[in-house]
Amino acid sequence: MTAFTEKVINIILGIPSGKVMTYGQVSRIAGSPRGARQVVRILHGMSHKYGLPWHRVINAKGQIALRNDAAYKEQITCLEMEGVEVDINGEIDLAKYQWHPLLDPLER
DNA sequence: TGGATGACCTTAA
DNA sequence: ATTAAGGCCATCC
């Protein structure tokens, strides 16, 4: 387990209900500008074991990155249950629901 | 065009 | 076999 992974996990765990974050944002805060894919990997692979709120992490477009899988619908259900308005196409209003963890010098 | 993004695939322990 | 870390490149705007 690397510091990067821990950071990512910590960030994800820090996302409150009703809020979401993007891969790029998480990866940037974690310290890797190009590490979005690792965030993806961590979510996909480790969330299952660690019980991370993977459903609160979406892509930078404000949409569900998943396809029409069961997980896709599951994520929408979870998000709506938390109060996040999810469009029929899986689009989420980042302006309202994107979570800003701390003051990030790297972000923005 | 160029830059940012990514729900994977591969290798290592 | 399982679990974790790492990355480069195609795709979209």
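Chain letters run A, B, ... following the sequence lines, proteins first, then strands; residues in each count from 1. All heavy atoms count here, side chains included; hydrogens, waters and symmetry mates do not.
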Gap between atoms OH and P, on A:Tyr23 and B:dG3 respectively (whole Å) = 25 Å
Would you classify A:Ala36 as touching base, sugar-phosphate or nothing, given that sugar-phosphate means primed atoms plus P, OP1 and OP2, and contacts are heavy atoms under 4.0 Å?
-> base
Hey, is A:Lys19 close enough to A:Glu82 for a salt bridge, meaning N to O under 4.0 Å?
-> no
Just call it for A:Val39: base, sugar-phosphate, or nothing, with non-hydrogen atoms closer than 4.0 Å on any strand.
-> nothing
Could you grab the distance from atom OG of A:Ser17 to atom NE2 of A:His55, nearest 0.5 Å is fine?
-> 7.0 Å
Connected via hydrophobic side-chain network under 4.5 Å: A:Ile11 and A:Leu13 | yes
Between A:Gln63 (CD) and B:dA7 (P), how many Å, whole number?
-> 11 Å
Mind calculating the distance between CH2 (A:Trp54) and P (B:dA7) to the nearest angstrom?
-> 13 Å
Quiz item: A:Arg34 side-chain donor-acceptor pair to C:dC8 base, under 3.5 Å | no
Map A:Phe4 and A:Lys61 onto DNA chain C by nearest heavy atom, then report which one ends up closer to the 5' terminus.
-> A:Phe4
Atom CD1 of A:Ile9 and atom C1' of C:dT3: how far apart are they, to the nearest Å?
-> 12 Å
Can you measure from CG (A:Asp87) to CD1 (A:Ile92) and round to the nearest 0.5 angstrom?
-> 9.5 Å
Protein-nucleotide distance (A:Leu52, atom CG; C:dA4, atom P), rounded to Å | 11 Å
Which one, C:dC8, B:dA7, C:dA5, comes nearest to the side chain of A:Gln38?
-> C:dA5
Nearest-angstrom distance from the residue atom CZ of A:Arg37 to P of C:dA10 | 11 Å
Atom CD1 of A:Ile42 to atom P of B:dG6: distance rounded to whole Å?
-> 14 Å
Donor-acceptor pair (no angle test) under 3.5 Å: A:Tyr72 side chain, B:dA7 base = no
Touch class at under 4.0 angstrom, heavy-atom based, for A:Ser27 against every strand present = nothing
To the nearest Å, give me how far apart CG (A:Asn59) and P (C:dT11) are.
-> 17 Å
Indicate if A:Tyr50 and A:Phe4 have the same hydrophobic cluster label, given that clusters are the connected sets of ILVMFWY residues with side-chain heavy-atom separations under 4.5 angstrom.
-> yes
Under 4.0 angstrom, heavy atoms only, what part of the nucleic acid is A:Gln75 near: base, sugar-phosphate, or nothing?
-> base
Would you indicate which nucleotide in C:dA4, B:dT5, B:dA7 comes nearest to any side-chain atom of A:Met46?
-> C:dA4
Is any side-chain N or O of A:Thr2 closer than 4.0 Å to OP1 or OP2 of C:dA5?
-> no
Look at the side-chain N and O atoms of A:Tyr50 and state whether any lies under 4.0 Å from the OP1 or OP2 oxygen of C:dA4.
-> yes
